[in-house]
Amino acid sequence: MYVTTTIPYVNARPHLGFALEIVQADVLARHHRRRGEPVRFQTGTDDNSLKNVLAAEAEGVPVRELVDRNAAAFEALREPLELSFDSFVRTSRHPGHRAGVERIWKAVSHDLYRRSYEGLYCVGCEQFYPEGPCPDGHEAPLQRVAEENWFFRLSRYRDPLLDLIGSGRLRVEPAARRNEVLAFLRGGLDDLSVSRSAARARGWGIPVPGDPDQVVYVWWDALANYVTALEDDDHERWWVREPRKIHLVGKGVIRFHAVHWPAMLLSAGLPLPSDIVVHDYVTAGGRKISKSSGVTVDPVALVRAYGADAVRWWLLREVPRVGDADFTEERLVARADEDLANGIGNLVNRVVTMVHRFQDGHLTRPAGDAEAGGAGRDLVDVTRRAGRLVDAALEDYDFRRAVAAVQAIVEAANAYVERARPWGRPPAEREASLAVLVAACRELAVQLEPFLPSAAARVAAAVGGERLPAPRPLFPRLGR
RNA sequence: GCCUGCAUGGCUCAGUCGGUGAGAGCGCCGCACUCAUAAUGCGGAGGUCCCAGGUUCGAGUCCUGGUGCAGGUACCA
């Protein structure tokens, strides 16, 4: 499986919305690795965006300096968010990127032509609009600007794309998003301007091969990273032979990924991705997160305050498949205390404590069939089923459902403790019931791994080995 | 304007191909328990499944219209 995130432009530090995407990708990568499948998980940054140039100008620092500094902040998400990406691509630094973009440009040249483009240009947005006024409400009137650019015959790919996406050979998830793309395609496609004058781009970006006055449209530059980062054997292995190629993207960039990118690949004669998985946005206290408006949530600060477990858990447990998720620290704390401290942590703690109190920390016999067939039946069933439910949920990219399958073990185990009441039973029965519980906790650790890797390791350590370590709370209580 | 999606108990949400009396968690009330991080378990109250039509033996679940909200509308994860 080859799984990617989008590469964000780096005009600012990363925010919680990107953390959502990269944690989802991380879960998929860890899950498939655990099943023994080869996995390559890639992320990176879009260094060549004009927005980076504008941000640097606003700060009065060289573009190179700003881009390097902010890109480093994205790469540094690895530790706090416990990410397992295999490669981090920066479009201005990766050795093969520029050559790769040039190669693709040449491969699609049969679909390129020069045309003079005349449009209404908003200085505030630094972009063209087909008609006024500027949707962001900038004061300055739109200027009529004429520029000659390279155009790509996108219109040619409408029918092939309808077929690919409609048939599911190119899977767009969730279905609501697929329908959106199909509706857009049915509406028809215009050819696409795929270069900019180098002057307007401030000379930043990748020059068009054979036409140094133009730079490659930044989206083409950025999208290409999914293949340009794969060099030599890797290209063959991960882009040509690998059947499962998954792009995780935000809802705002669906068209680039489900329309422009596949069209580009078709034109270039390259294989297509298999899945495009679309997530919605995270809002902050009811307001849209936006770098420009200053409404932002710093995932690293959250991890410092509450820990990686709480942050990852919130992103996976609280964010619905369709619809924006509203983030507040109160919700993060409530979720973590309820599910992690009171749920997983308390369960493991009470089980380990009993093993110590009644068994001196070790079990002498495995869980017997009698216990598994009696009061422990539910627990054994739920535990046994959890792995399959996680598999199925992640096949649907339903992270919430996947996490719920893990939690079901905790609920069943707590219910079993109340029913079996190990403290009130004769020693042999007591040990049998504790053995069932310890087995459930071990499976819990296994199933938790893709979601909360370090916490899963702590659970495994707490219920592992001949003699269990002394009980210790696994998750701090964050509230109150 | 156009396009798309959403609208289920106080809050956050599940509800697969339409089918036995509509669900979960949180919050609230009560009970139980004491192994556990004032944790856990059980039970209860609480809903005209946005509105109006329609299809059907039967619709939260399909169709039409309306209302409200959100997003997109071509360089925002």
Side-chain angles (χ1 to χ4, degrees), chain A residues 5-9 11 14-22 24 46 49-51 125-131 135-136 154 174-177 179-184 186-187 189-190 192-194 196 217-222 248-256 259-260 278-283 288-292 317-318 320-326 331 334-335 337-343 345-358 396 398 400-401 404 407 410-411 413-424 430 434 437 471-477 480:
Chain A
T5 70
T6 50
I7 51 171
Y9 55 84
N11 66 338
H15 63 244
L16 192 61
F18 182 64
L20 168 67
E21 182 172 308
I22 201 165
Q24 288 183 338
D46 170 12
S49 167
L50 180 59
K51 299 203 177 184
C125 306
E126 290 281 353
Q127 68 174 288
F128 285 97
Y129 291 103
E131 56 194 28
D136 285 353
L154 183 65
R177 295 300 174 193
N179 295 337
E180 201 175 312
V181 172
L182 289 173
F184 177 70
R186 285 191 200 99
L189 296 176
D190 294 334
L192 183 72
S193 161
V194 292
R196 295 290 180 267
Y217 174 43
V218 69
W219 263 106
W220 269 40
D221 176 335
L248 268 71
V249 311
K251 66 181 177 183
V253 295
I254 297 177
R255 286 177 191 176
F256 301 104
V259 178
H260 298 189
V278 184
H279 62 79
D280 287 358
Y281 290 152
V282 175
T283 58
K288 186 180 174 181
I289 291 181
S290 134
K291 295 168 193 166
S292 46
R317 171 62 224 260
E318 196 90 328
R321 238 153 86 83
V322 176
D324 293 346
D326 191 44
R331 286 183 188 170
R335 202 81 249 178
D337 281 348
E338 183 185 324
D339 296 343
L340 303 183
N342 297 350
N346 182 244
L347 170 69
V348 172
N349 196 240
R350 73 197 295 204
V351 168
V352 172
T353 300
M354 283 191 278
V355 172
H356 273 274
R357 179 169 306 186
F358 302 124
D396 292 341
D398 191 337
R400 235 188 194 186
R401 211 172 85 218
Q407 278 195 284
V410 178
E411 286 164 26
N414 274 325
Y416 172 70
V417 172
E418 302 293 332
R419 235 175 314 123
R421 303 173 56 81
W423 51 88
R430 184 167 62 207
L434 290 177
L437 285 166
R472 230 181 43 177
L474 297 178
F475 297 93
R477 177 162 268 288
R480 272 167 288 168

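Predicted, not measured: the structure shown is a model, and the values here were computed from it. Every chain is numbered from 1, with letters handed out A, B, ... down the list of sequences.
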Please report the distance separating the [atom1] of [N] from the corresponding atom of [M], rounded so that it comes out in whole Å.
| N | M | atom1 | value |
| --- | --- | --- | --- |
| B:rC76 | B:rU20 | C1' | 49 Å |
| B:rA45 | B:rU40 | C1' | 22 Å |
| B:rC49 | B:rC62 | P | 15 Å |
| B:rG15 | B:rU8 | C1' | 9 Å |
| B:rG30 | B:rA77 | C1' | 47 Å |
| B:rU55 | B:rC17 | P | 23 Å |
| B:rC69 | B:rG43 | C1' | 37 Å |
| B:rG19 | B:rU56 | C1' | 12 Å |

The criterion is salt bridge (charged side-chain N to carboxylate O under 4.0 Å, His left out); which residues satisfy it with [X], sequence neighbours excluded?
| X | value |
| --- | --- |
| A:E21 | none |
| A:R350 | A:E418 |
| A:D339 | A:R317, A:R335 |
| A:E411 | none |

Using atom [atom1] of [X] as one end and atom [atom2] of [N] as the other, report the distance to the nearest whole Å.
| X | N | atom1 | atom2 | result |
| --- | --- | --- | --- | --- |
| A:N342 | B:rA38 | CG | C1' | 10 Å |
| A:R331 | B:rC11 | CZ | C1' | 8 Å |
| A:I254 | B:rG72 | CD1 | P | 10 Å |
| A:D396 | B:rA14 | CG | C1' | 14 Å |
| A:D324 | B:rA77 | CG | P | 15 Å |
| A:E318 | B:rA24 | CD | C1' | 14 Å |
| A:R255 | B:rC76 | CZ | P | 13 Å |
| A:L434 | B:rA36 | CG | P | 13 Å |

Would you indicate what [X] reaches in the nucleic acid, counting non-hydrogen atoms under 4.0 angstrom: base, sugar-phosphate, or nothing?
| X | answer |
| --- | --- |
| A:N414 | sugar-phosphate |
| A:G17 | base |
| A:D190 | base |
| A:L20 | nothing |
| A:V352 | nothing |

Contacts of type side chain to side chain contact (heavy atoms under 4.5 Å, CB included), residue [X], not counting sequence neighbours:
| X | value |
| --- | --- |
| A:A413 | A:L347, A:L379, A:L437 |
| A:R255 | A:F184 |
| A:P320 | A:A325, A:R400 |
| A:A415 | A:R419 |

Nearest-0.5 Å distance, [atom1] of residue [X] to [atom2] of residue [Y]:
| X | Y | atom1 | atom2 | result |
| --- | --- | --- | --- | --- |
| A:I7 | A:D221 | CD1 | CG | 7.0 Å |
| A:H279 | A:D324 | NE2 | CG | 11.0 Å |
| A:E338 | A:N346 | CD | CG | 13.0 Å |
| A:L16 | A:Y281 | CG | OH | 14.0 Å |

TODO: Mind checking which stems touch RNA chain B? I mean at least 3 consecutive Watson-Crick or G-U pairs, both distances under 3.5 Å.
DONE: B:1-7 with B:67-73, B:10-13 with B:23-26, B:28-32 with B:40-44, B:50-54 with B:62-66
Open item on the list: Can you tell me if A:R477 touches the phosphate of B:rA39, counting only side-chain N or O atoms and a distance under 4.0 Å to OP1 or OP2?
Closed with: yes
What's the closest nucleotide to the [X] side chain, out of [options]?
| X | options | result |
| --- | --- | --- |
| A:T353 | B:rA74, B:rC35, B:rA77 | B:rC35 |
| A:N346 | B:rA70, B:rU40, B:rC35 | B:rU40 |
| A:H260 | B:rA77, B:rA74, B:rU37 | B:rA74 |
| A:F18 | B:rA14, B:rU40, B:rA77 | B:rA77 |
| A:R400 | B:rC13, B:rA74, B:rU37 | B:rC13 |

TODO: Given side chain to side chain contact (heavy atoms under 4.5 Å, CB included), test A:N349 with A:F475 step by step and report yes or no.
DONE: CA-CA 10 Å; A:N349 196 240; A:F475 297 93; over 6 Å; no
Open item on the list: Return whichever of A:A341 or A:A415 has its heavy-atom-nearest nucleotide of RNA chain B closer to the 5' end.
Closed with: A:A341
If you restrict it to nitrogen or oxygen atoms, what contacts under 3.5 Å exist between nucleotides 25-29 of chain B and the protein, and what is each distance?
residue : atom : partner : partner atom : Å
B:rG25  : O2'  : A:E338  : OE2          : 2.7

Open item on the list: If the condition is ring pair (Phe, Tyr, Trp, His ring centres under 6.0 Å), which residues does A:H260 pass it with, not counting sequence neighbours?
Closed with: A:F256
Interface polar pairs with nucleotides 31-34 of chain B, N/O, under 3.5 angstrom:
residue : atom : partner : partner atom : Å
B:rC33  : O3'  : A:R421  : NH2          : 3.2
B:rU34  : OP1  : A:R421  : NH2          : 3.3

